[in-house]
Number of protein chains: 2
Amino acid sequence: MVVYPDVDARLSDDEVDRIFRALADATRRDIVQRTLIEDASISDLAERYDMSFAAVQKHITVLEGAGLVTKHRSGRMRHIRANAQALRKAQGLLQTYERIWQHRLAQLDALLAEE
Amino acid sequence: MVVYPDVDARLSDDEVDRIFRALADATRRDIVQRTLIEDASISDLAERYDMSFAAVQKHITVLEGAGLVTKHRSGRMRHIRANAQALRKAQGLLQTYERIWQHRLAQLDALLAEE
DNA sequence: CTAATATGCAACTTAATGGTTGTATATCCG
DNA sequence: CGGATATACAACCATTAAGTTGCATATTAG
């Protein structure tokens, strides 16, 4: 298993808020998924969704604010690319919760074994 | 590694929206964490946060709507308990993203190896 | 140069969120 | 029974979110 050090180190509440908030929208999740596979321009993305160009731009701004994507200039275009690191931060938090849960189960088991 | 079958099977956009939305608030994440460790009544939880009882009630309603916690009646009290299954759904999605990312990296490696 | 393309951004509307207070109801204790 | 406790829920308010249109700017193509 590959270990990513410090995946959830010094994560502020605001930062986590922004990451989960950004992921709480199907269009934005789709943008993340597509740009994980391959970079895309804003126009590329805007074509795919049933909303205005400006609306897609706003979604990208939200994702960028959460660190989930980055923009790279290339002439008059901006290439959007997902940032796996930010995704790992969210995953790291959920794994922490999972561990807490497993710990609770282990304690319950221990309690039952005592009796 | 323990495998949870169907962790992200038939997850509707709305369901995922609600899970991530619910996690996008520090108070709600704290409620999840506390009730993963141990059940708590609404009053127990309300004591801990600097907001009204009703506000905490609302946060719990949001978590319940996302399936992240369940309520269990006990006399005049309601015990709140986190539901690890819903957390795993979110984790499953993020793992899917991670796999997409790894696949992209593998393809880039392959491309470089060819040259 | 000019037209077309790609993006940025402001102003506006509508709906959802997160908080409040107030009131009602149910349960427990003495 | 009657008071205290635990919860539910409605109404309201302020802020943010998500969409729109319209206009400005930068770059590329011919």
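As the structure is a prediction and not an experimental result, all values here were calculated from the model. A, B, ... follow the sequence lines: proteins, then strands. Residue 1 opens every chain.
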Inset, instruction - Using a cut-off of strictly less than 4.0 Å, decide whether His59(B) has a side-chain nitrogen or oxygen near OP1 or OP2 of dG19(C). - result: yes
Legend entry - Spacing of Arg78(B) atom CZ relative to dT27(C) atom C1', expressed in whole Å: 11 Å
Inset, instruction - Please state how far atom CD in Glu47(A) lies from atom C1' in dT5(C), giving the value in whole angstrom units. - result: 12 Å
Inset, instruction - Take Asp13(A) and Arg29(B), measure what side-chain contact (heavy atoms from CB on, under 4.5 Å) needs, and give me the verdict at the end. - result: CA-CA 10 Å; Asp13(A) 280 349; Arg29(B) 284 193 301 277; 3.9 Å; yes
Inset, instruction - Please report, rounded to the nearest Å, how far the P atom of dC9(C) is from the CD1 atom of Ile42(A). - result: 10 Å
Legend entry - Length of the NZ-C1' vector between Lys58(A) and dT14(C), whole Å: 12 Å
Inset, instruction - On DNA chain D, check which nucleotide each of His79(B) and Arg28(A) is closest to and give me the residue with the more 5' one. - result: His79(B)
Inset, instruction - Measure distances between side-chain N and O atoms of Arg76(A) and base N and O atoms of dT5(C), and say whether any donor-acceptor pair falls under 3.5 Å. - result: yes
Inset, instruction - Find the distance Asp50(B):CG to dG18(C):P and express it as a whole number of Å. - result: 17 Å
Legend entry - Given dC9(C), dG18(C), dT27(C), the nucleotide with the shortest approach to the side chain of Gln57(A): dC9(C)
Inset, instruction - Using the rule that two of Ile, Leu, Val, Met, Phe, Trp, Tyr join whenever any of their side-chain heavy atoms come within less than 4.5 Å, decide whether Val69(B) and Ile100(A) are in one cluster. - result: yes
Inset, instruction - Using a heavy-atom cut-off of under 4.0 Å over every strand shown, decide if Ser43(B) touches base, sugar-phosphate, or nothing. - result: sugar-phosphate
Legend entry - Span of DNA chain D in contact with chain A (heavy atoms, under 4.0 Å): dA17(D) to dT28(D)
Legend entry - Pair Arg99(A)-Gln102(A), side-chain hydrogen bond (donor to acceptor under 3.5 Å, both in side chains): steps then yes or no: CA-CA 5 Å; Arg99(A) 276 182 229 117; Gln102(A) 293 300 336; over 6 Å; no
Inset, instruction - Could you check His72(B) against Ser74(B) for side-chain hydrogen bond (donor to acceptor under 3.5 Å, both in side chains), going step by step and ending with a plain yes or no? - result: CA-CA 6 Å; His72(B) 306 273; Ser74(B) 166; over 6 Å; no
Legend entry - Between C1' of dT7(C) and CZ of Arg73(A), the distance in whole Å: 9 Å
Inset, instruction - Let me know, please, whether Met51(B) or Ser41(A) comes out on the 5' side of the other along DNA chain C by nearest nucleotide. - result: Ser41(A)
Legend entry - Connected via hydrophobic side-chain network under 4.5 Å: Leu63(B) and Met77(B): no
Inset, instruction - May I ask you to decide whether Glu98(A) forms a salt bridge with Arg88(B), counting only side-chain N to carboxylate O separations under 4.0 Å? - result: yes
Legend entry - Same apolar cluster: Val62(A) and Ile19(B), side chain cutoff 4.5 Å: no
Legend entry - Ser52(B) vs dG19(C): side-chain N/O to OP1/OP2 distance below 4.0 Å: no
